[in-house]
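Taking it in order: structure first as structure tokens, then the write-up.
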Number of protein chains: 2
Amino acid sequence: MTPGQRQDGRIGIRQVAERAGVAVSSVSRVLSGHPNVSKPMRRRVLLAVADLGYEPDMLAQGLRRGATMTVGFVVGDISNPLLAEIALGAETSLGKRGYSMLLANSQNDPRLDARHISLFRQRRVDGLLLSLADETSEATLQALRLVLRPSVVIDREIDPSIGASAVLSDHAVAIGAAVDDLVGAGHRRIALVTGPSTVRPSRVRADALQASVRRHRGVRAVTRAGQFSAEHGAVATTQLLDDRDPPTALIAGSNQVLVGVLRTLKRRAMSIPEDVSVVTCDDVPLAELMAPGFATIHRDSTQLGREAAALLLRRVEGGGPETRTLPVKYRRGKSVGPPSTD
Amino acid sequence: MTPGQRQDGRIGIRQVAERAGVAVSSVSRVLSGHPNVSKPMRRRVLLAVADLGYEPDMLAQGLRRGATMTVGFVVGDISNPLLAEIALGAETSLGKRGYSMLLANSQNDPRLDARHISLFRQRRVDGLLLSLADETSEATLQALRLVLRPSVVIDREIDPSIGASAVLSDHAVAIGAAVDDLVGAGHRRIALVTGPSTVRPSRVRADALQASVRRHRGVRAVTRAGQFSAEHGAVATTQLLDDRDPPTALIAGSNQVLVGVLRTLKRRAMSIPEDVSVVTCDDVPLAELMAPGFATIHRDSTQLGREAAALLLRRVEGGGPETRTLPVKYRRGKSVGPPSTD
DNA sequence: TAAGTTGTAGGAACCGTTTCCAGAACCCTG
DNA sequence: CAGGGTTCTGGAAACGGTTCCTACAACTTA
């Protein structure tokens with residue numbers, strides 16, 4: 001039996017070397033584009049590769065090179081269209097550069113965040129994309145400190161000692177524009193229903209709401225922070241409307257929250273914008289089309305994903321941590337009108 | 001310098017062995033739960049592992065064991081909520097069994113399907129989950145033949161020579177139920193607007209529609225196959241309504257198609273169900289909540305993902321290819337009423 | 001022509017783990 | 001207590017590549 005044989009049919013670099021009549025190291029050099037390799041050598045090797053249909057084993061490459069061309073994406077909930085689009089944008093960008101993406105769903109549970117991060121470490125990913133749960137636990141931070149790999153957090157602020165890059169959304173200016181529009185339409189009492197006050201998008205929006213309101217005389221704002229869920233949206237809306245001096249305009253902090261808001265309005269037979277004006281954040285394309293003309297605070301989530309990938313690759317290639325803030329746009333719509341006059 | 005040292009800080013099985021004062025093979029045995037290992041040995045090793053915070057390198061494990069505990073998911077469009085939920089279900093199931101999921105988006109392009117499949121092969125995934133593009137190219141089949149790894153196709157029929165498992169949805173009975181409901185409401189002319197006639201869900205639904213209609217006297221059905229897109233939905237609806245004898249009930253084959261249908265109806269100022277009854281397939285939770293009470297042909301996509309994962313793992317563990325058909329339910333709703341009488 | 005460069009190729013060590021193999025220690029029985 | 005069978009352990013060879021190191025040959029240059 002000739003030396004380079006294998007029992008199973010798989011062909012490796014040794015088989016290629018034997019076929020081409022050269023050393024394995026030469027095959028490796030040809031395939032990885034090493035400079036010092038003669039023309040005839042390159043030809044022979046490539047011929048053998050084509051004949052045998054050889055494809056390198058990325059596992060072995062990763063082990064030896066110390067780089068796996070893999071990044072891990074920890075995502076709170078991939079069935080959330082916003083996050084799915086981020087994943088889409090990121091995967092596409094990464095794929096173009098030869099990277100593959102490992103996806104792990106944490107179901108918005110900080111413990112799963114931490115577990116997945118260290119699992120990715122064991123898998124030796126080259127970098128981490130993080131769309132973390134609403135709460136960042138100490139365990140998550142600890143896991144992140146141990147990975148020793150570049151990471152990019154999405155729409156979160158995280159302990160700088162981690163050294164992570166961040167891609168943020170500029171929620172503030174969009175909220176400002178929305179408030180201006182609402183105030184221009186005559187509203188004097190505006191409510192924001194959003195997720196946990198600890199999480200960046202909620203906090204930034206709440207702060208921006210207060211700041212924007214202060215620019216206008218006689219306008220008051222109230223924020224109901226809770227969860228990014230339909231339940232919270234419904235309950236908060238009910239409470240707001242039951243107030244002695246209820247808001248005439250509502251801003252929903254997410255799709256799910258909007259669902260709750262709409263449910264409550266429907267139950268009360270209130271119509272938009274006659275009885276109450278509504279603006280929503282992070283609309284999904286589908287919803288936009290189903291309820292056309294809704295006023296939205298919108299960001300390009302696919303671009304967000306692409307940007308996150310770009311930031312990560314820069315770090316993988318040796319760059320330092322950066323923070324990039326992407327624009328968010330307010331889009332006027334038919335769901336905003338003058339306040340009801342009763 | 002002691003032998004087991006390393007320049008970088010990373011600790012491997014050698015460091016653990018040295019610390020515990022045993023052989024590396026023993027450490028490996030303890031960690032992989034090999035039966036023949038004494039109690040004191042286990043104690044010493046586990047102590048060293050804990051002291052050093054050792055975590056195995058899954059890359060090296062994969063290389064040596066020949067199993068990477070990784071599966072690849074090739075998906076047409078992760079930003080499609082239906083597919084995102086499938087991914088969610090699959091990832092959760094796989095994660096519980098220690099598997100990680102590589103995600104690749106093919107953008108509904110058969111060439112990318114093929115490329116990603118062979119990329120996954122190079123990454124030595126243990127199995128493949130396939131939600132393929134609308135068209136299955138010869139290149140895709142060829143790539144699939146070369147992978148030599150178990151695969152599960154989702155809602156597609158594929159050349160049996162591939163030996164893939166399949167998880168299908170029983171669209172037929174749901175269409176039957178929908179037709180019964182529509183006919184019961186008085187409809188005599190029903191149209192289905194759906195994707196390419198080559199792709200399984202479209203074909204099965206079209207066939208089921210014809211079969212169901214045949215059960216009723218004087219009822220006629222027409223199918224407009226095209227793309228799973230809003231454009232096709234809009235165009236097809238326009239053409240259908242312009243017909244001399246237009247349908248009084250429409251079934252939309254997907255979310256995107258529904259968007260087009262609704263757009264056209266809105267443009268024509270037609271209301272549901274007064275002017276036309278509408279049933280939609282594969283509603284997303286969000287849409288359901290935004291347009292509550294819509295009649296839908298619904299399947300549990302998370303369960304679909306879980307089932308696909310289960311099927312794949314059975315194959316990975318040595319089982320033969322299976323096909324499993326999951327139920328699809330028709331849910332009556334307010335978007336169905338008696339046909340208009342003009 | 002001898003010595004120094006440079007380009008090219010092969011051999012072998014290595015990445016971090018598993019597993020085969022062989023030997024040592026132990027236990028049990030005749 | 002010798003012999004045979006277990007159970008346990010350590011050493012070394014894989015897994016499939018990459019890369020360092022060395023050697024050889026072919027040119028330059030002195």
Side-chain angles (χ1 to χ4, degrees), chain A residues 3-45 48-49 52-70 121-126, chain B residues 3-45 48-49 52-70 121-126:
Chain A
Q5 296 278 1
R6 276 215 247 180
Q7 56 281 48
D8 63 0
R10 268 193 70 81
I11 47 168
I13 201 171
R14 275 169 249 269
Q15 282 69 37
V16 176
E18 195 186 5
R19 170 103 175 198
V22 302
V24 290
S25 45
S26 298
V27 176
S28 176
R29 267 187 297 256
V30 169
L31 261 34
S32 49
H34 203 84
N36 289 352
V37 41
S38 69
K39 223 169 179 72
M41 166 69 87
R42 160 163 290 116
R43 238 181 39 79
R44 300 186 63 175
V45 168
V49 165
L52 271 50
Y54 166 78
E55 283 181 337
D57 182 327
M58 299 189 69
L59 222 57
Q61 288 189 160
L63 182 60
R64 185 61 239 246
R65 288 184 172 157
T68 53
M69 299 300 282
T70 305
R121 175 175 123 98
Q122 293 183 42
R123 291 195 176 271
R124 286 183 148 237
V125 296
D126 294 335
Chain B
Q5 295 279 1
R6 276 214 247 182
Q7 56 281 47
D8 63 0
R10 267 194 69 82
I11 47 166
I13 202 170
R14 275 172 251 269
Q15 282 69 36
V16 176
E18 196 186 5
R19 170 100 173 201
V22 301
V24 289
S25 44
S26 298
V27 176
S28 176
R29 268 187 295 257
V30 168
L31 261 34
S32 48
H34 201 85
N36 289 352
V37 40
S38 69
K39 223 168 179 74
M41 165 71 84
R42 160 162 291 118
R43 238 180 41 79
R44 298 185 64 176
V45 168
V49 165
L52 271 51
Y54 166 78
E55 283 180 340
D57 182 328
M58 299 190 69
L59 220 57
Q61 288 188 158
L63 181 61
R64 185 60 240 242
R65 289 182 171 159
T68 53
M69 299 301 283
T70 305
R121 174 177 124 99
Q122 294 182 43
R123 290 193 178 272
R124 287 186 148 235
V125 297
D126 294 334

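Atoms considered below: every heavy atom in the structure, side chains included; atoms not considered: hydrogens, waters and symmetry mates. Throughout, protein chains are lettered first and strands after them, A, B, ... in sequence-line order, and every chain is numbered starting at 1.
- Atom CE of residue A/M58 and atom OG1 of residue B/T68 lie 12.5 Å apart, to the nearest 0.5 angstrom.
- When the C1' atoms of four end pairs are superposed on the next four at each end of the helix from C/dT1-D/dA30 to C/dG30-D/dC1, using five pairs per end, the two resulting axes differ in direction by 50°, to 10°.
- Whole-Å rounding puts the B/L52 CG to C/dG16 C1' distance at 15 Å.
- With hydrogens and angles left out, the side chain of B/R29 and the base of D/dG10 share a donor-acceptor pair within 3.5 Å.
- In this structure, NZ of B/K39 is placed 19 Å from P of C/dC26, rounded to the nearest angstrom.
- Here OG1 of A/T70 is found 9.0 Å from CG of A/L59. Values are rounded to the nearest 0.5 Å.
- For the residue pair B/R44 and B/G21, the shortest heavy atom distance occurs at NH2-CA, 4.1 Å.
- The distance from atom CD of B/E55 to atom C1' of C/dT17 is 15 Å, rounded to the nearest whole Å.
- Within the 4.0 Å cut-off from OP1 or OP2 of C/dA9, at least one side-chain nitrogen or oxygen of A/S38 is found.
- With C/dT18, C/dG10, C/dC15 as the choices, the nucleotide that has an atom nearest any side-chain atom of A/L63 turns out to be C/dC15.
- Between A/R64 and the phosphate of C/dA13, there is no side-chain N or O to OP1/OP2 separation shorter than 4.0 Å.
- Side-chain contact between B/M69 and A/R123: present, with at least one pair of heavy atoms (C-beta onward) separated by less than 4.5 Å.
- Note on B/S25: every side-chain N or O is 4.0 Å or more away from OP1 and OP2 of C/dT19.
- In this structure a side-chain-to-backbone donor-acceptor pair under 3.5 Å is present from A/Q15 to A/G12.
- Using a 4.0 Å heavy-atom distance criterion, A/M58 is classed as making no nucleic acid contact.
- Going from atom CZ of B/R14 over to atom C1' of C/dT17 covers 8 Å, rounded to whole Å.
- OP1 or OP2 of D/dT7 has not a single side-chain nitrogen or oxygen of B/N36 nearer than 4.0 Å.
- A/R29 contributes atom CZ, which lies 11.5 Å from atom CZ of A/R42 (distance to the nearest 0.5 angstrom).
- Following rounding to the nearest Å, B/H34 (NE2) and C/dT18 (P) show an atom-to-atom distance of 12 Å.
- Among the heavy atoms of the strands, none lies under 4.0 Å from A/V27.
- For residues 52-65 of chain A, the set of pairs meeting the salt bridge (Lys or Arg N to Asp or Glu O under 4.0 Å) definition, not counting sequence neighbours, comprises A/E55-B/R121, A/D57-B/R124.
- Between A/L31 atom CG and D/dG16 atom C1' there is a gap of 13 Å when expressed in whole angstrom units.
- Between the P atom of C/dC15 and the CG atom of A/D57 lies a distance of 18 Å, rounded to the nearest Å.
- In the set C/dT19, C/dG16, D/dT18, D/dT18 carries the atom at the smallest distance from any side-chain atom of A/S28.
- The CZ atom of B/R65 sits 13 Å away from the P atom of C/dC20 (whole-angstrom rounding).
- Side-chain contact between A/R19 and A/I11 is absent, with no heavy-atom pair separated by less than 4.5 Å.
- Nearest nucleotide to the B/Q61 side chain, out of C/dC20, D/dG17, C/dT17: C/dT17.
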